[in-house]
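As the structure lists them, so they are numbered: ligands from 1, and atoms in each ligand from 1.
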Amino acid sequence: MIKKIDHLGIAVRSLDEAVALYERALGLKCEKREEVPSQKVRTAFFSVGEVHIELLEPTDPESPIAKFIEKNGEGIHHVAFGTDDIRAQLAQAAGAGVRLINQEPFEGAAEKLVAFLHPKSTRGVLTEFCMPKGGGCCCGH
Ligand code: ZN
């Protein structure tokens, strides 16, 4: 079952500049940075109540984030729903005719299992499901 919006992913060209902007302009504090080599991205996390902001900077021109920025410019890249059963969530979406980018969840940032639905199937929004690696409810990191 989906429990909450876990985070919004925002594609940026420069993590340092974007982190500084969020800290100066919004008064938020960057809680953690992490590189995810499998996705060729560097990430920085902020908390806004229960929801997180995940800034994503490409580390390689072949990174999906680099391609996104090339096509759309910087901006909101994905919406992530926290779920307590990511495989059931994927099965439900597939059963409803949604195209899955990932048939199987993989390890994303913040020690979570993640999987994406294709934006062409979800009204233009790249949609992520995420769940802590150990299973259970998706609360915090
Ligand atoms: Zn995400």
Side-chain angles (χ1 to χ4, degrees), residues 1-23 25-141:
M1 205 203 302
I2 286 178
K3 298 295 188 184
K4 63 175 185 180
I5 290 185
D6 186 79
H7 62 272
L8 303 175
I10 298 176
V12 301
R13 288 198 174 87
S14 160
L15 206 57
D16 286 340
E17 287 177 19
V19 165
L21 176 72
Y22 274 73
E23 292 192 334
L26 301 183
L28 297 172
K29 185 94 197 83
C30 178
E31 290 179 344
K32 119 178 180 158
R33 289 180 185 232
E34 184 180 348
E35 188 160 343
V36 186
S38 65
Q39 296 297 295
K40 301 189 173 85
V41 292
R42 258 191 293 275
T43 64
F45 284 93
F46 295 85
S47 287
V48 185
E50 280 212 345
V51 179
H52 306 280
I53 302 284
E54 175 185 36
L55 302 179
L56 301 146
E57 176 200 62
T59 56
D60 185 285
E62 289 305 305
S63 158
I65 297 298
K67 290 177 177 161
F68 175 89
I69 291 174
E70 204 174 291
K71 199 168 154 205
N72 306 290
E74 295 178 300
I76 292 197
H77 176 259
H78 65 271
V79 175
F81 294 97
T83 173
D84 56 2
D85 188 341
I86 194 165
R87 286 186 172 81
Q89 219 68 58
L90 286 170
Q92 180 176 350
V98 169
R99 190 168 137 205
L100 309 182
I101 293 178
N102 310 107
Q103 307 290 330
E104 279 291 313
F106 63 94
E107 195 172 324
E111 303 217 314
K112 284 177 178 167
L113 288 175
V114 303
F116 289 91
L117 309 181
H118 200 285
K120 287 218 165 85
S121 286
T122 50
R123 305 283 154 174
V125 178
L126 176 59
T127 300
E128 173 185 332
F129 293 138
C130 69
M131 185 176 84
K133 232 181 2 181
C137 182
C138 205
C139 312
H141 286 305

Exercise. Counting backbone and side-chain atoms alike, does H78 have an N/O/S atom under 2.8 Å from the Zn ion (ligand 1)?
Worked result: yes

Exercise. Are F116 and T127 close enough that some pair of their side-chain heavy atoms sits under 4.5 Å apart?
Worked result: no

For this session: Give the name of the N/O/S atom in E54 that lies closest to the Zn ion (ligand 1).
Result: OE1

For this session: Please check if the side chain of E74 supplies one atom and the backbone of R13 the other of a donor-acceptor pair under 3.5 Å.
Result: yes

For this session: Evaluate the ring planes of H7 and H78, with Trp represented by its six-membered ring, and classify them as parallel (under 30°), tilted (30 to 60°) or perpendicular (over 60°).
Result: perpendicular

Seminar exercise, completed: For E128, the N, O or S atom at the shortest distance from the Zn ion (ligand 1) is OE1

For this session: Give, for atom NE2 of H118 and atom CG of N102, the distance between the pair rounded to the nearest 0.5 Å.
Result: 11.0 Å

